[in-house]
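Reckoned from all heavy atoms, side chains included, excluding hydrogens, waters and symmetry mates. We count ligands from 1, going down the list as the structure has it; atoms in each ligand are counted the same way.
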Amino acid sequence: MRNQIAAANWKMNLTITQAEELLNTLLQQPKQLSDHQKVVFAVPFPYLPLAKSKVDGHTNYFVAAQNCSNKKSGAYTGETSAEMLQSLGVEYVVLGHSERREYFSESHAMLAEKVNIALDYSLTPIFCCGEPLNIREAGTQNSYVEVQLKESLFHLSAEQIQKIVIAYEPIWAIGTGKTATADQAQEMHAHLRKVLSDKYGKEVADTISILYGGSVKGSNAKDIFSKPDVDGGLVGGASLVAGDFVQIIDALK
Ligand code: PGA
């Protein structure tokens with residue numbers, strides 16, 4: 001079975017004390033995961049060493065950064081390199097979140113560079129894609145999201161693309177409480193898998209985990225994750241509430 005992943009995206013939330021409390025609560029009696037089930041905490045940069053020390057020893061629990069630089073090293077004040085993340089033992093990095101695309105002008109080309117450098121340092125990119133409301137209303141979401149994949153990922157080899165996790169996050173569903181229906185998620189995920197299959201072949205496409213993100217909660221996770229092409233979720237708001245996130249982990253196939 002493909003990897004099924006519950007990824008917490010804390011965004012720019014919590015103090016160090018709150019972060020530690022949340023991790024302690026979640027990891028005190030962690031759910032035992034099957035080989036194909038994984039939990040990832042995408043925490044703010046300053047909390048990465050803490051989160052890493054907390055997940056260590058817990059099988060299939062991992063830590064992610066929420067971004068990394070597209071540059072290797074050097075005079076880029078305020079940036080964090082993939083090499084630094086690797087040196088901390090970080091395993092995943094969220095790339096191309098819609099908030100970064102929108103507020104920090106991350107382009108397709110820049111994201112392609114970030115994907116490359118993340119892979120160079122053995123980080124697994126969680127590559128985000130998703131359409132804004134006006135595109136959904138126009139009914140052109142499939143081609144919009146397809147372009148995001150093609151422009152930032154399709155230079156990769158078949159071997160490399162299998163190291164990517166994709167997160168489909170319709171922007172109109174992020175932080176709005178307005179979740180895509182399970183059927184809408186499945187429809188897009190199946191489309192993306194078809195796009196991957198046309199480029200890399202079915203066998204390769206079938207190995208790639210595609211997460212859904214956008215107002216996933218404890219109460220709707222099971223329904224959404226039950227769809228055949230939905231391999232878990234990237235979760236913002238509900239990942240800050242221990243009880244909710246535990247339910248989300250429980251909902252993994
Ligand atoms: P949300 O955020 O769960 O709060 O909608 C999801 C995300 O942006 O990754």
Side-chain angles (χ1 to χ4, degrees), residues 3-14 18-19 22 26 38-45 47-48 51 62-68 90-106 111 114-115 118 123-133 135-136 141 144-145 148-149 152 164-182 184-186 188-189 192 209-225 227 230-252:
N3 283 335
Q4 304 291 305
I5 302 171
N9 178 11
W10 287 5
K11 308 192 181 186
M12 195 173 73
N13 290 297
L14 307 181
Q18 293 167 331
L22 181 55
L26 289 166
K38 303 190 192 299
V39 173
V40 178
F41 296 103
V43 306
F45 286 123
Y47 307 160
L48 286 168
F62 302 96
V63 166
Q66 298 175 13
N67 180 32
C68 74
V90 170
E91 294 97 346
Y92 290 80
V93 60
V94 177
L95 293 177
H97 191 281
S98 61
E99 289 148 17
R100 297 220 49 95
R101 291 177 190 261
E102 185 180 348
Y103 307 138
F104 303 95
S105 307
E106 294 195 353
L111 289 171
K114 290 191 179 196
V115 165
L123 301 170
T124 299
I126 301 178
F127 179 83
C128 303
C129 56
E131 79 286 356
L133 184 60
I135 295 289
R136 171 62 65 164
Q141 65 273 10
Y144 184 95
V145 179
Q148 292 179 319
L149 253 56
S152 300
I164 307 284
V165 172
I166 293 173
Y168 167 60
E169 301 202 304
I171 297 170
W172 46 271
I174 295 179
T176 58
K178 200 171 158 189
T179 322
T181 64
Q184 281 173 322
Q186 168 57 25
M188 177 61 86
H189 286 222
L192 295 180
S209 299
I210 308 180
L211 317 184
Y212 168 79
S215 297
V216 174
K217 298 186 274 290
S219 55
N220 61 21
K222 204 152 199 104
D223 183 33
I224 299 171
F225 296 176
K227 295 292 171 183
V230 179
D231 305 310
L234 179 59
V235 185
S239 75
L240 300 170
V241 182
D244 245 314
F245 196 58
V246 166
Q247 267 186 289
I248 291 165
I249 298 171
D250 277 340
L252 289 175

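- In this structure, Leu22 and Trp10 have side chains that are in contact, with non-hydrogen atoms separated by less than 4.5 Å.
- Among all protein heavy atoms, the one lying closest to atom 3 (O) of ligand 1 is Gly236 N, 2.8 Å.
- Residue contacts with ligand 1, taken as heavy atom pairs separated by less than 4.0 Å, involve Ile174 via backbone and side-chain atoms alike.
- Atom numbering of ligand 1 starts at 1 in the shown order; those under 4.0 Å from a heavy atom of Gly214 are 5 (O).
- Taking the six-membered ring where the residue is Trp, His189 and Tyr168 present perpendicular rings, their angle passing 60° and hence far from 30°.
- If you number the atoms of ligand 1 from 1 as listed, the ones under 4.0 Å from a heavy atom of His97 come out as 7 (C), 8 (O), 9 (O).
- Distance alone, capped at 3.5 Å, is enough to place a donor-acceptor pair between the Arg101 side chain and the Cys128 backbone.
- For atom 9 (O) of ligand 1, the closest heavy atom belonging to the protein is Glu169 OE2, 2.6 Å.
- Atoms of ligand 1 lying under 4.0 Å from at least one heavy atom of Ala173, given by number and element, are 5 (O).
- In terms of modelled atom types and a separation under 3.5 Å, the side chain of Lys114 and the main chain of Cys68 share a donor-acceptor contact.
- Taking any N or O of Gly175, backbone or side chain, at least one lies under 3.5 Å from an N or O belonging to ligand 1.
- When only non-hydrogen protein atoms are considered, atom 4 (O) of ligand 1 lies nearest to Gly237 N, 2.9 Å.
- If you number the atoms of ligand 1 from 1 as listed, the ones under 4.0 Å from a heavy atom of Lys11 come out as 2 (O), 7 (C), 8 (O).
- Between the side chain of Tyr92 and the main chain of Ala7, no donor-acceptor pair closer than 3.5 Å is present.
- For a threshold of 3.5 Å applied to N or O pairs, the pair formed by Ser215 and ligand 1 contains at least one separation below that value.
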Report the C-alpha distance between Ile171 and Leu133 in whole Å, list the side-chain angles of each, state the deciding distance to 0.1 Å, and finish with yes or no for side chain to side chain contact (heavy atoms under 4.5 Å, CB included). CA-CA 7 Å; Ile171 297 170; Leu133 184 60; over 6 Å; no
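- Glu91 contributes a side-chain N or O that, together with a main-chain N or O of Val63, makes up a donor-acceptor pair within less than 3.5 Å.
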